[in-house]
Amino acid sequence: MYIAQTLGTTGLMTADKADKQCNYVCPGCQTPVTVKKGRLKQAHFAHTSLQKCQALAEGESAVHLLGKLAMVDFFESIGGRVVLEPWLPEIQQRPDLLVTFDNRQVAIEFQCAPISAERVQRPTAGFAKLGLDVVWVLGPTYQQRKLQQATLAKFARIRHETLQVALWRGKDGIQWREWWTVDGRTHVGQEDYSDPIRQLAKIQQQVVRRDRRIRQLQKQLYQQNRTVTGIPICCHIRQPLPGGLKTPHWILPRS
């Protein structure tokens, strides 16, 4: 936690400027917190007791703390008004950042450590109650490996008609990546969709291998003196669809 409340006041203090001789409390649960800082540690506040706190962000790494601070500079540089770690009492939550562009507010969650789908959905639903959009920005830990389908499902969102995830690139700010560039399981590429001939070749392979998902459709077409590989070029998808689908993408436009 980077921001705490000075005891007996409504004033907020950042950890790097906090005085160890002063008393501070958590803005969320109003219990005492202690400032931690030194030559080897990034300054932060920690709850004195280990009681459960809805606003708790204990154990966050220096990468996470420094990343949040860097994001403040990034969003301000592109015209946003930023509040770091604001406490939202209506939903008992604290986003890492709350960024305002004109009349639109966006909650930013900077994710560096593994997290369950439930722990992503809960705060997302809370922000939605306040009419806030939310963007989950993935830190370095997630960028060191290809993301799996379950991870994509947790953090991705539809943007410009494609499924994308947001990555924090340090001095380069936030970078949005389309799902096929980070999907580590299906190993698809955008070229798979821009070339209908390539799609036809894959269909032919599935027919030869007697793919059970194709056989029923092939049987129906055969009764009409047609074949799966005879699907017109104009019916093939030219834009990528979300990954992780068990049904071949070329079948979806038919349903």
Side-chain angles (χ1 to χ4, degrees), residues 1-3 14-16 28 42-44 54-88 91 93-102 104-184 242-244:
M1 187 166 63
Y2 187 69
I3 292 178
T14 58
D16 60 327
Q42 173 63 30
H44 66 282
Q54 293 293 329
L56 192 61
E58 305 290 10
E60 57 183 332
S61 66
V63 171
H64 187 250
L65 283 166
L66 292 173
K68 289 192 294 187
L69 296 175
M71 282 188 194
V72 173
D73 295 334
F74 167 72
F75 283 112
E76 288 181 342
S77 72
I78 59 175
R81 299 192 305 276
V82 187
V83 179
L84 181 66
E85 296 183 356
W87 174 242
L88 307 178
I91 57 174
Q93 291 177 204
R94 180 210 302 272
D96 288 330
L97 281 73
L98 186 62
V99 185
T100 302
F101 292 102
D102 296 325
R104 180 191 176 203
Q105 287 191 311
V106 182
I108 303 295
E109 291 287 6
F110 182 40
Q111 196 60 38
C112 295
I115 186 173
S116 67
E118 181 183 3
R119 290 182 61 194
V120 172
Q121 293 167 357
R122 190 184 308 121
T124 298
F127 296 136
K129 289 180 181 179
L130 298 183
L132 298 175
D133 193 6
V134 58
V135 174
W136 290 83
V137 182
L138 303 185
T141 304
Y142 286 92
Q143 299 176 43
Q144 294 169 0
R145 55 188 174 84
K146 289 285 187 177
L147 302 183
Q148 299 299 303
Q149 295 172 8
T151 303
L152 282 169
K154 285 189 290 190
F155 301 117
R157 58 183 294 154
I158 298 296
R159 186 172 180 269
H160 301 319
E161 299 183 352
T162 62
L163 195 69
Q164 301 185 19
V165 291
L167 306 178
W168 175 244
R169 295 296 197 182
K171 64 179 181 180
D172 296 323
I174 291 177
Q175 180 186 70
W176 288 91
R177 295 281 301 277
E178 291 81 358
W179 70 269
W180 63 83
T181 65
V182 293
D183 191 332

Query raised in the report: Would the number of heavy atoms belonging to other residues, nucleotides or ligands and lying under 6.0 Å from CG of Asp172 be above 12?
Result: yes

Query raised in the report: So do Val83 and Leu97 actually touch side chain to side chain, heavy atoms under 4.5 Å?
Result: no

Report summary line: Nearest heavy-atom contact between Gly139 and Cys112 is CA-SG, 4.3 Å

Query raised in the report: Taking C-beta and beyond as the side chain, do Phe75 and Val106 meet within less than 4.5 Å on heavy atoms?
Result: no

Query raised in the report: Which pair of non-hydrogen atoms, one from Val99 and one from Gly80, has the smallest distance, and what is that distance?
Result: CG1-CA, 4.2 Å

Query - Rounded distance [0.5 Å steps], CD in Gln93 versus CG in Leu130 - result: 8.0 Å

**Report entry** Straight-line distance of Arg177 CZ to Gln143 CD, nearest 0.5 Å
**Finding:** 8.5 Å

Requested in this report: Any chance you could measure Arg104, atom CZ, to Leu132, atom CG, to the nearest 0.5 Å?
Outcome: 10.5 Å

**Report entry** From Lys154 atom NZ to Ser116 atom OG, the distance as rounded to the nearest 0.5 Å
**Finding:** 7.0 Å

**Report entry** Residue Arg169 excluded, over 12 heavy atoms near CZ under 6.0 Å
**Finding:** yes

Report task. Kindly compute the distance separating CD (Glu85) from CG (Leu65), expressed to the nearest 0.5 Å. Result -> 7.5 Å

**Report entry** Residue pair Trp168 / Met71: nearest heavy atoms and the distance that separates them
**Finding:** CZ3-CG, 3.6 Å

Requested in this report: Could you pull out the closest heavy-atom pair between Leu138 and Phe110, with the gap in Å?
Outcome: C-CE1, 4.2 Å

Query raised in the report: Given the rule in the side-chain contact (heavy atoms from CB on, under 4.5 Å) test, do Asp73 and Val82 qualify, once you have shown the distances and angles that lead to the verdict?
Result: CA-CA 9 Å; Asp73 295 334; Val82 187; over 6 Å; no

Report task. Work out which heavy atom in Val134 is nearest to a heavy atom in Thr124; give both atom names and the distance. Result -> CG1-CG2, 3.6 Å

Query raised in the report: Would you say the side chains of Gln164 and Thr162 form a donor-acceptor pair under 3.5 Å?
Result: yes

**Report entry** Gap separating the CD atom of Glu109 from the CZ atom of Phe155, nearest 0.5 angstrom
**Finding:** 10.0 Å

Report task. Decide yes or no on side-chain contact (heavy atoms from CB on, under 4.5 Å) for Arg157 and Trp176, but give the supporting numbers first. Result -> CA-CA 10 Å; Arg157 58 183 294 154; Trp176 288 91; 3.4 Å; yes

Report task. For Tyr142 and Ile115, work out which heavy atoms get closest and say how close. Result -> OH-N, 3.7 Å

Report task. Give a yes or no answer on whether the side chain of Glu118 reaches the backbone of Val120 with a donor-acceptor pair at less than 3.5 Å. Result -> no

